[in-house]
Amino acid sequence: MGTAERREAPEESVAERSQAGQGGKAPDHHGPGPRRARVTVREEQTQDYRPLWVEEPARRHPMPDPVRTAAVRAVLVIAVTLIQAMVAFLCTLAGSWLAFPMVISSVASTVAATWAVVDVWVTRQVWNQRYGVLSEPSSTARALRRERRARVRQERASLREQDRIRRTGGAGQLSHS
């Protein structure tokens, strides 16, 4: 029984929950008895049916889509590189003419695999830079933006006040004499 099911049915006892976890059957120590004889075929089918898993929607992906795409690409390139290295090693042991081309292609694949891993890292950094700031109440970014806006507002207000004083022709006088 999952957490969501426990929240929906808090009045169940521990024994009922453990029976539900075992498919609704109590352990049968004495063979088929009077309890077993009263269960119909339909009830037995519904009692025995339990889905293998209950899908719960994820809040969000573990990684953003571009980063996940780059990671999958990197894993594929690394897998091909490892296969090429293994083939090159086996061809070298066998003394085959294919050993030299495979070693050269393994070196090239190693460079490509390194590039793919760097691509994952760069893609992750770029994504975090563009979309990484969460605007939540606990976020420090929100407080910094609020302070910056207040500072800009105050500067604009002082500039407007100075412009107003200049327009009225006053030399910074607070009152006329």
Side-chain angles (χ1 to χ4, degrees), residues 1-90 102 105-153:
M1 176 180 279
T3 307
E5 292 170 304
R6 275 193 222 113
R7 280 192 208 126
E8 291 173 4
E11 66 277 350
E12 282 185 350
S13 69
V14 175
E16 289 171 345
R17 270 189 266 153
S18 66
Q19 283 182 358
Q22 297 172 359
K25 292 188 223 172
D28 193 13
H29 300 292
H30 306 292
R35 180 189 172 280
R36 185 73 178 156
R38 288 189 302 249
V39 176
T40 65
V41 174
R42 176 166 285 204
E43 288 174 352
E44 184 176 319
Q45 288 174 349
T46 57
Q47 282 180 349
D48 289 342
Y49 174 74
R50 276 190 327 173
L52 292 176
W53 63 85
V54 177
E55 289 191 29
E56 297 176 5
R59 282 187 234 156
R60 62 183 181 95
H61 293 298
M63 287 187 282
D65 286 338
V67 178
R68 191 169 49 252
T69 303
V72 168
R73 190 179 325 126
V75 166
L76 291 175
V77 170
I78 290 169
V80 168
T81 301
L82 290 173
I83 291 170
Q84 282 182 331
M86 181 66 73
V87 169
F89 177 72
L90 293 175
M102 287 305 294
S105 69
S106 293
V107 170
S109 290
T110 303
V111 172
T114 306
W115 184 267
V117 171
V118 169
D119 180 46
V120 172
W121 182 70
V122 168
T123 305
R124 183 174 166 266
Q125 294 298 324
V126 167
W127 196 92
N128 282 337
Q129 207 168 32
R130 287 184 185 164
Y131 310 107
V133 176
L134 296 177
S135 185
E136 295 177 357
S138 63
S139 176
T140 56
R142 176 176 273 188
L144 293 174
R145 283 195 310 258
R146 191 178 300 131
E147 290 171 9
R148 189 180 71 226
R149 277 191 231 117
R151 211 176 23 241
V152 168
R153 220 178 285 124

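Because only heavy atoms are used, hydrogens play no part in the values below, and waters and symmetry mates are left out as well, while side chains stay in. Since the structure is predicted, the reported quantities are computational estimates derived from the model, not experimental observations.
Scanning both residues, Ser109 and Thr81, for their nearest heavy atoms gives O-OG1, 3.2 Å.
Residues meeting the side chain to side chain contact (heavy atoms under 4.5 Å, CB included) test with Ser105, sequence neighbours left out: Gln84, Met102. Scanning for side chain to side chain contact (heavy atoms under 4.5 Å, CB included) contacts around Trp127 gives Pro64, Pro66, Val67, Tyr131, with sequence neighbours left out. Every residue meeting the side chain to side chain contact (heavy atoms under 4.5 Å, CB included) condition with Arg149, not counting sequence neighbours, appears here in chain and number order: Arg145, Arg153.
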Using a 3.5 Å cut-off and no angle test, enumerate the donor-acceptor pairs between side-chain atoms of residues 111-119 and protein atoms at least two apart in sequence or in another chain.
from	atom 1	to	atom 2	distance (Å)
Thr114	OG1	Thr110	O	2.8
Asp119	OD1	Thr123	OG1	3.4
Asp119	OD2	Arg73	NH1	2.8

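The shortest distance between side-chain heavy atoms of Val122 and Gln125 does not fall below 4.5 Å.
Ile83 contributes atom CD1, which lies 12.5 Å from atom CD1 of Ile78 (distance to the nearest 0.5 angstrom).
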